[in-house]
Amino acid sequence: MLMSVSICIIYTISCLMAGFLLLPVVGVVRSTWRNHSALAIIATALMLGQCLFVIAWTGLGLMGYFLLVPIVVLLVLIISIGIIFVRKDMAALFNRLLGQISHHFFELPPHIKFVEILVVLVVILLGVFNAILPVRFGAGDGIFFYMVLPKLMAASGRLIPVIGYEHTHSISGLFGEMHHSVLLALGNEQAALLFVWVTTLTMLALLVSLCGNLGVGNVGKVVAMVMMLSSTSVSFYMIDGKVDIFAASLGMAALYWIVEAKRSSINWQGFYLVGMFTAFAVVAKATYAIAVALPIFIILLWEVRKSRLPGSVWIGFILIALLPVLTLAIKNSILFQEPFAPFVFLNEQIGNKYNSQGYWNSLDVARNILLTYPFALVYGDHVFQYGNLSGLYLAFAPLILFVPIGSWRKHNLLVRFSIVILMTVLVGAVLQARYFAPRFMLPALLSLVPVIAFATENVYCSIGKNTWFKSVLMVCLCIGLIGYSTIEQDMKRLFRY
């Protein structure tokens, strides 16, 4: 266990160092870091570092040099350069983060403080499960599908297709698989699962930061954390070997930065990050062309046309977005002679085989899913659905109706963003009913959390000294956090092992 934790910590530090070194390159210079949330900058750096290492590991794997010595040399090099150039900036950011967390906690009402303490305990417990327990078997396909390629790559030192899965998995974008590979090469499955836990915390940080950018207060941020952690579409994927968490975190990073770019619209700082994270998210999970790329496109069409950005900015945006696309194209050209896969196939047979896995619901089932939407997201148990949203979505969403119109007018960015996301979710519901699963729309579904959390906070703060109602709300949050998460299942597995 100690070795797994140590390896995960070292790899996390490497990703952070790489991300902090790259942030100025993509337009977020160090002098402006203080203008952003410390939590958001740290989370962004971690995801940016992950993007860099995915490109590096893919290249080493294709060349047959995915060996322990090159891996260790690259990690040590990145950490050394980071210590020289960004250690002071990192220390200042983490100090500011501690101050922001302390201020946030002490500003909370007593009821919500208890809920946040429970959130912290749940997060720690989930991390302990990932550090101790083996990959969950029998509930999903992670152990015998997504973990196979990383194990082969770690053992062979080469990126090679998995026999039998060549055209259904190996031909797809490999983001989380690359991190699994390097952590398996350095350590074991527990190190890989721990890094999934770290990435889940990164996604949680991005969601909280997004809430802050959209005007959600401290109480609403706690509600948002509970809503995400009590969604099994998130918690299931933390310990089953699947890689959905990585793609979802990239999607949340893209959506956070498009909002942040709108807020700092004078220079559209971070605009390049939007392009990079969007492209990486779509490459990592093709269904995010709807869940992430569509809302980004709508917001750009809606907002950027007014700003008259120079052509050079657009060229830089496109070029940086092409980076993950080119990585995927090179990988598929070498391994499959299919540079445009999995979006366009030159070989019809390969294309048919890839697309054959795309539908598993009949038209009747798809119709039932649409008729029961959004209840299907929370209570559905359809084929291959594997996870639901938190019941708090349905419990708290009606509170939107109790928010005064004047309050909505003061938060017009939240309103516009939520409308775009709602449009995206509706489009996804129609197009993906034949292969329904909340994980295919996870970034968009999580991006509905801010408006629900805002409404919940508004009602909580407007009822004054009604202790009874506040207690009921706290109980709902606690029941959602414990009852809808996977803690009970993992606790049973802990005693079993």
Side-chain angles (χ1 to χ4, degrees), residues 1 3-5 7-8 11-12 15 50 53-54 57-58 60-62 66-68 71 126-127 129-200 203 232-250 283-287 328 331 335 342 354 357 384 386-387 437 439-440 442 486 489-490 493-494 496-497:
M1 176 183 170
M3 185 183 74
S4 302
V5 173
I7 290 171
C8 181
Y11 190 64
T12 301
C15 290
Q50 287 192 28
F53 280 130
V54 163
W57 306 143
T58 303
L60 287 176
L62 290 172
F66 189 76
L67 306 171
L68 200 57
I71 291 171
L126 291 172
F129 290 150
N130 278 38
I132 296 176
L133 294 176
V135 177
R136 182 188 287 115
F137 177 75
D141 57 357
I143 192 171
F144 58 82
F145 194 81
Y146 292 96
M147 291 288 285
V148 176
L149 185 143
K151 288 181 178 180
L152 285 174
M153 185 170 171
S156 67
R158 299 183 62 86
L159 175 53
I160 53 177
V162 179
I163 297 174
Y165 297 149
E166 300 96 329
H167 305 136
T168 54
H169 173 239
S170 303
I171 203 168
S172 301
L174 305 174
F175 191 94
E177 291 88 346
M178 293 297 100
H179 297 302
H180 282 345
S181 298
V182 72
L183 289 163
L184 286 166
L186 294 170
N188 50 31
E189 284 184 357
Q190 268 55 57
L193 292 178
L194 262 178
F195 193 65
V196 177
W197 176 75
V198 170
T199 306
T200 306
M203 183 166 66
T232 51
S233 283
V234 174
S235 56
F236 273 171
Y237 306 127
M238 289 177 62
I239 198 170
D240 78 330
K242 289 172 77 71
V243 293
D244 295 73
I245 292 292
F246 292 97
S249 299
L250 291 165
V283 165
K285 198 163 190 67
T287 57
L328 176 65
K331 185 263 290 184
L335 298 181
Y354 178 84
Q357 62 179 334
F384 299 143
Y386 193 41
R439 66 183 182 271
F440 294 143
L442 192 55
T486 57
Q489 298 176 25
D490 289 330
R493 293 176 65 232
L494 182 64
R496 191 182 305 132
Y497 284 103

Q: What are the two closest non-hydrogen atoms of Met203 and Ala248, and how far apart are they?
A: SD-CB, 3.5 Å
Q: Are any of the side-chain heavy atoms of Val243 and His179 separated by less than 4.5 Å?
A: no
Q: Please check this pair: side chain of Gln190 against backbone of Asn188, looking for a donor-acceptor N/O pair closer than 3.5 Å.
A: no
Q: Between CG of Leu152 and CE of Met147, what distance do you get to the nearest 0.5 Å?
A: 11.5 Å
Q: With a 4.5 Å cut-off on side-chain heavy atoms, are Leu328 and Pro342 touching?
A: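 Yes. Closest side-chain heavy atoms under 4.5 Å.
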Q: If I take atom CG from residue Leu250 and atom NZ from residue Lys285, how far apart are they, to the nearest 0.5 angstrom?
A: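 The distance works out to 12.0 Å.
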Q: Can you tell which of Leu159, Val182, Leu60 makes a side chain to side chain contact (heavy atoms under 4.5 Å, CB included) with Met153?
A: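 Of all the options given, the one that passes is Leu159.
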Q: If the condition is side chain to side chain donor-acceptor pair (under 3.5 Å), which residues does Ser170 pass it with, not counting sequence neighbours?
A: none
Q: What is the minimum heavy-atom distance between Leu184 and Ala154, and which atoms define it?
A: CB-CB, 3.9 Å
Q: As a quick check of understanding, evaluate side-chain contact (heavy atoms from CB on, under 4.5 Å) for Asn130 and Phe195, giving each step before the final call.
A: CA-CA 9 Å; Asn130 278 38; Phe195 193 65; over 6 Å; no
Q: Check for a donor-acceptor pair, side chain of Lys331 on one end and backbone N or O of Ser172 on the other, with a separation under 3.5 Å.
A: yes
Q: Roughly how far, to the nearest 0.5 Å, is CD of Gln50 from OG1 of Thr12?
A: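 With rounding to 0.5 Å, OG1 (Thr12) is 8.0 Å from CD (Gln50).
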Q: Should Lys242 and Tyr386 be marked as a side-chain contact (heavy atoms from CB on, under 4.5 Å) after you check the CA-CA gap, both sets of side-chain angles, and the distance that decides it?
A: CA-CA 11 Å; Lys242 289 172 77 71; Tyr386 193 41; 3.6 Å; yes
Q: Measuring only between side-chain heavy atoms, which start at C-beta, is Met178 closer than 4.5 Å to Thr58?
A: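 Of all side-chain heavy-atom pairs linking Thr58 with Met178, at least one is under 4.5 Å.
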Q: Is the distance between the ring centroids of His169 and Tyr146 less than 6.0 Å?
A: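 Judged by ring-centre distance (under 6.0 Å), His169 and Tyr146 do meet the cut-off.
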Q: Start with the C-alpha gap between Leu174 and Leu149, add the side-chain angles, then the distance that decides, and say whether side-chain contact (heavy atoms from CB on, under 4.5 Å) holds.
A: CA-CA 10 Å; Leu174 305 174; Leu149 185 143; 4.0 Å; yes
Q: List in chain and number order the residues that pass ring-ring contact (aromatic ring centres under 6.0 Å, His included) with Phe129, two or more places apart in sequence or in another chain; answer none if no residue qualifies.
A: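 None.
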Q: Trp197 vs Leu126, test: side-chain contact (heavy atoms from CB on, under 4.5 Å). Steps then yes/no.
A: CA-CA 8 Å; Trp197 176 75; Leu126 291 172; 4.1 Å; yes
Q: Is the shortest side-chain heavy-atom distance between Leu186 and Ile71 below 4.5 Å?
A: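 The answer is yes; the side chains approach within 4.5 Å.
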Q: When you measure from the side chain of Ser249 to the backbone of Thr199, do you find a donor-acceptor pair of N or O atoms at a distance under 3.5 Å?
A: yes
Q: How are the rings of Phe246 and Phe175 set to each other: parallel, tilted or perpendicular (split at 30° and 60°)?
A: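 Taking Phe175 first and then Phe246, their aromatic rings sit tilted (interplane angle of 30° to 60°).
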Q: Is the shortest heavy-atom distance from the side chain of Ser181 to the side chain of Trp57 under 4.5 Å?
A: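 SC-SC contact between Ser181 and Trp57 ruled out.
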Q: Which value, rounded to the nearest 0.5 Å, describes the distance between Thr200 atom OG1 and Leu194 atom CG?
A: 10.5 Å
Q: Taking Asp244 for the side chain and Arg439 for the main chain, is one N or O donor matched with an acceptor at less than 3.5 Å?
A: no
Q: Applying side-chain hydrogen bond (donor to acceptor under 3.5 Å, both in side chains) to Glu189 and His180, what does each step give before you reach the verdict?
A: CA-CA 8 Å; Glu189 284 184 357; His180 282 345; over 6 Å; no
